[in-house]
Amino acid sequence: METATLLDESLEAASGEVDDLTRWHALAQLVRVYEALGDLRLEYEALAGLTAPSGKLGCPTLQGRARLRLARCARDLAGVKAARDAVAEALAAGDERHPRISAADAVRARLLLVSWQAELGDLAEAARLAAEVWRAVAQNAM
């Protein structure tokens, strides 16, 4: 917890004086510390803070990954609907020419959506997403 306190205090003290890349790295480390400590609430807050500098850096992959981690954390903390919305936002933000996340992360995200849609009772959407994942995997396997 001492590491988390030091990182958090450093980020607060240098609020306007830190470039976005340094802020991103510090927040990413803070996320890892909270994850190791098992503090979902603080991990979620750090992940939510991580999405802003990810967008400012102009690196869609960083922003996409931050949103996917936020979705996984939201699932455990806030519930399925919040998680589904976060992962859907990460997937919707890019297209095939300008992907925000890797192909492997996109498949994982869609599989998460399949299970969450089924849990929410939307079996038709879960089946549609599962078929979409199957087609994507089949195309990449050849």
Side-chain angles (χ1 to χ4, degrees), residues 1-15 18-142:
M1 191 62 170
E2 186 176 328
T3 303
T5 303
L6 288 171
L7 277 169
D8 200 31
E9 288 174 356
S10 297
L11 279 166
E12 268 189 50
S15 62
V18 174
D19 63 280
D20 290 324
L21 185 59
T22 303
R23 177 171 299 289
W24 187 91
H25 280 291
L27 283 167
Q29 291 304 316
L30 196 56
V31 167
R32 287 185 184 108
V33 170
Y34 290 140
E35 180 182 28
L37 292 172
D39 192 328
L40 285 174
R41 186 184 58 77
L42 291 175
E43 181 184 354
Y44 183 85
E45 288 174 12
L47 282 164
L50 191 59
T51 59
S54 297
K56 289 180 185 176
L57 288 171
C59 185
T61 303
L62 292 179
Q63 191 172 23
R65 284 217 167 161
R67 289 191 185 286
L68 286 176
R69 289 195 65 189
L70 183 67
R72 287 185 191 113
C73 190
R75 169 60 183 99
D76 294 332
L77 188 64
V80 178
K81 187 177 179 330
R84 181 197 59 195
D85 294 347
V87 78
E89 185 178 314
L91 287 168
D95 60 29
E96 289 185 18
R97 291 174 297 132
H98 301 96
R100 286 198 168 287
I101 57 177
S102 70
D105 282 340
V107 167
R108 286 184 199 100
R110 284 185 173 88
L111 287 172
L112 290 172
L113 278 176
V114 168
S115 67
W116 296 339
Q117 288 298 119
E119 191 173 336
L120 288 168
D122 191 349
L123 299 180
E125 180 64 8
R128 186 193 69 75
L129 288 167
E132 187 179 293
V133 169
W134 183 85
R135 281 190 302 275
V137 170
Q139 283 178 347
N140 290 329
M142 297 184 176

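Values reported hereafter were calculated over all heavy atoms of this structure, with side chains retained and with hydrogens, waters and symmetry mates removed.
Between the CD atom of Glu43 and the CD atom of Glu35 there is a distance of 5.0 Å, given to the nearest 0.5 Å. Taken to the nearest 0.5 Å, the CG atom of Asp19 stands 13.0 Å off from the CH2 atom of Trp24. Taking CG from Leu27 and CZ from Arg32, the interatomic distance works out to 11.5 Å, rounded to the nearest 0.5 Å. Considering OG1 of Thr5 and CD of Glu9, their distance stands at 6.0 Å, rounded to 0.5 Å. Rounding to the nearest 0.5 angstrom, the gap separating the CG atom in Leu30 from the CZ atom in Arg23 is 11.0 Å. To the nearest 0.5 Å, atom CG of residue Leu68 and atom CG of residue Leu112 are 8.0 Å apart.
Between Ala118 and Ala126 the shortest heavy-atom distance is N-CB, 3.8 Å. Taking every heavy atom of both residues into account, Leu50 and Ala28 meet most closely at CD1-N, 3.9 Å. The two residues Leu40 and Leu77 have their closest heavy-atom pair at O-CD2, 3.9 Å. Contact record, Ala83 with Ala71: CB-O, 3.2 Å, taken as the closest heavy-atom pair. For the residue pair Tyr44 and Leu70, the shortest heavy atom distance occurs at CE1-CD1, 3.4 Å.
Partners of Arg108 according to the salt bridge (charged side-chain N to carboxylate O under 4.0 Å, His left out) rule, which considers only residues two or more places apart in sequence or in another chain, are Asp105.
Note on Glu132 versus Arg135: no salt bridge recorded, every NZ/NE/NH1/NH2 to OD/OE distance being 4.0 Å or above. For Glu119 and Arg84, the salt-bridge test fails: no basic side-chain N is under 4.0 Å from an acidic carboxylate O.
Proximity of Arg41 to Asp39: side-chain heavy atoms (C-beta onward) are separated by under 4.5 Å at one or more points. Residues Arg110 and Val114 have side chains not in contact (no heavy-atom distance under 4.5 Å, counting atoms from C-beta outward).
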* Asked: Checking side chain to side chain contact (heavy atoms under 4.5 Å, CB included) for the pair Arg72/Arg75: CA distance, chi angles, key distance, verdict?
  -> CA-CA 5 Å; Arg72 287 185 191 113; Arg75 169 60 183 99; 5.7 Å; no
